[in-house]
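Beneath this line is the structure, given in structure tokens, with notes to follow.
Just so you know, these numbers use all the heavy atoms, side chains as well, and skip hydrogens, waters and symmetry mates.
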Amino acid sequence: MGKTRARAWYLDNLRLLLIFLVVLGHTLEQIDGVIRTGLFEVIYTFHMPAFLFLSGYFAKFRPKKLLTRLVIPYLVFQLLYSLFGALILYHTPVTVRFASPYWIMWYLMAMVIYTLLLPLLDALEQRRFAVLGVSALTALLAGFDSSIGYDLSLSRAVVFLPFFAAGYYAGKGDFLTAFRGRRDLRLPLTLAGLAGIALQLVYLYLRKLPMAFFYGAMAYNLTDRGGPLDRLALGLFALCWILLLVLHMPDREIPLLTDLGRSTMIIYLLHGFAVYLTWKYSLFRYSNAVNGLLALGFALGLTLLPGLLGLGWSRIVRMNRRS
């Protein structure tokens with residue numbers, strides 16, 4: 001999957017951490033109190049920008065894999081989540097809208113869009129800084145247009161495009177590995193990143209942005225509070241997190257965990273069913289402390305179990321190919 005000959009273990013470790021944060025973030029959405037307003041906001045500042053940055057880093061334009069790894073899974077799981085929601089959660093008539101992604105399916109739709117854009121990103125590689133600047137400006141301006149929303153995941157695709165494009169260009173030259181090798185930059189960049197995160201905590205405390213704003217899924221006037229400067233600030237804070245994670249993620253193979261970092265797609269696709277069931281049956285109805293511990297354990301389980309299923313399936317496929 002990587003673009004380098006030697007396996008970059010730190011990228012697999014980072015992907016596992018980020019998919020865990022995705023699961024934890026979705027779990028925290030249903031918890032009231034300081035845990036959600038604190039930890040939730042910090043996680044949602046950077047986990048999807050970083051996840052899409054890595055998605056761009058590993059991205060390649062291969063039409064067959066676009067079909068088998070993105071389009072077909074999107075169609076299948078869009079149908080499954082629609083059936084699950086209608087028949088099990090809400091007991092309503094089944095409605096399947098493939099142009100309007102069902103909750104977490106937005107990521108696959110956005111990845112289809114991004115993959116189709118790869119030939120254009122390649123053609124503009126010599127002007128990549130202009131591409132990143134224009135995509136960032138577009139992400140800020142898109143919030144003024146209420147027609148850019150959930151359909152086709154267009155709002156999120158636009159908002160997170162700068163991170164995907166930055167990851168893609170970084171991957172073409174294996175920039176991250178070279179970047180990690182600059183020992184002279186590690187300390188000043190670490191201090192700068194930590195300063196940015198400290199500023200983030202103050203900013204989130206003062207601004208008190210609504211939960212909906214962190215999703216990047218709708219126009220500014222639909223989120224009660226938050227505008228282009230807030231979107232810019234959150235983007236800069238996300239860059240600080242990406243910087244620190246890339247610099248300090250362990251670059252060694254951690255038994256089992258590093259392997260799970262290569263099974264993030266199956267974790268992403270399956271965890272939503274269990275999270276929805278916790279909503280339906282009100283699992284998190286206790287004190288803040290108990291709810292926090294439950295959410296942490298639940299997220300760990302929902303990361304490990306589907307990941308192990310994915311690893312087992314991959315090994316079966318490899319064994320069949322060898323025989």
- side chain to side chain donor-acceptor pair (under 3.5 Å) against Arg182, all qualifying residues, sequence neighbours excluded: Asp184
- Item | Contacts of Arg183 that satisfy salt bridge (Lys or Arg N to Asp or Glu O under 4.0 Å) - sequence neighbours left out | none
Review item, side-chain donor-acceptor pairs of residues 90-110, under 3.5 Å, at least two apart:
{"from": "His91", "atom 1": "ND1", "to": "Leu87", "atom 2": "O", "distance (Å)": "3.1"}
{"from": "Tyr107", "atom 1": "OH", "to": "Ser55", "atom 2": "OG", "distance (Å)": "2.7"}

- Message: Between Asn13 and Thr258, do the side chains contain a donor N or O and an acceptor N or O under 3.5 Å apart?
- Response: yes
Quiz: residues 208-217 side-chain donor-acceptor pairs under 3.5 angstrom, not counting sequence neighbours:
{"from": "Lys208", "atom 1": "NZ", "to": "Tyr205", "atom 2": "O", "distance (Å)": "2.8"}
{"from": "Tyr215", "atom 1": "OH", "to": "Glu29", "atom 2": "OE1", "distance (Å)": "3.1"}

- Message: Test: salt bridge (Lys or Arg N to Asp or Glu O under 4.0 Å). Region: residues 132-146. Which pairs qualify, not counting sequence neighbours?
- Response: none
- Message: Test of understanding: with salt bridge (Lys or Arg N to Asp or Glu O under 4.0 Å), list the residues that count as partners of Asp230, not counting sequence neighbours.
- Response: Arg207
- Item | ring-ring contact (aromatic ring centres under 6.0 Å, His included) partners of residues 117-144, not counting sequence neighbours, each pair once | Phe144-Tyr220
- Item | side chain to side chain donor-acceptor pair (under 3.5 Å) against Tyr10, all qualifying residues, sequence neighbours excluded | Thr177
- Name all residues meeting the side chain to side chain donor-acceptor pair (under 3.5 Å) criterion together with Asn221; count only those two or more places apart in sequence or in a different chain, and write none if there are none. none
- Query: Listed by chain and number, what are the side chain to side chain donor-acceptor pair (under 3.5 Å) partners of Ser146, not counting sequence neighbours?
  - Reply: none
- Phe273 and Phe84 aromatic centres sub-6.0 Å: yes
- Counterpart residues, side chain to side chain contact (heavy atoms under 4.5 Å, CB included), relative to Ala295 (two or more places apart): Leu24, Thr27, Leu28, Ile31, Phe284
- Message: Side chains of Asp122 and Tyr169 only: does a donor on one sit below 3.5 Å from an acceptor on the other?
- Response: no
- Note on the structure: Residues at least two apart in sequence or cross-chain that pass salt bridge (Lys or Arg N to Asp or Glu O under 4.0 Å) with Glu125, listed by chain then number, are Lys172
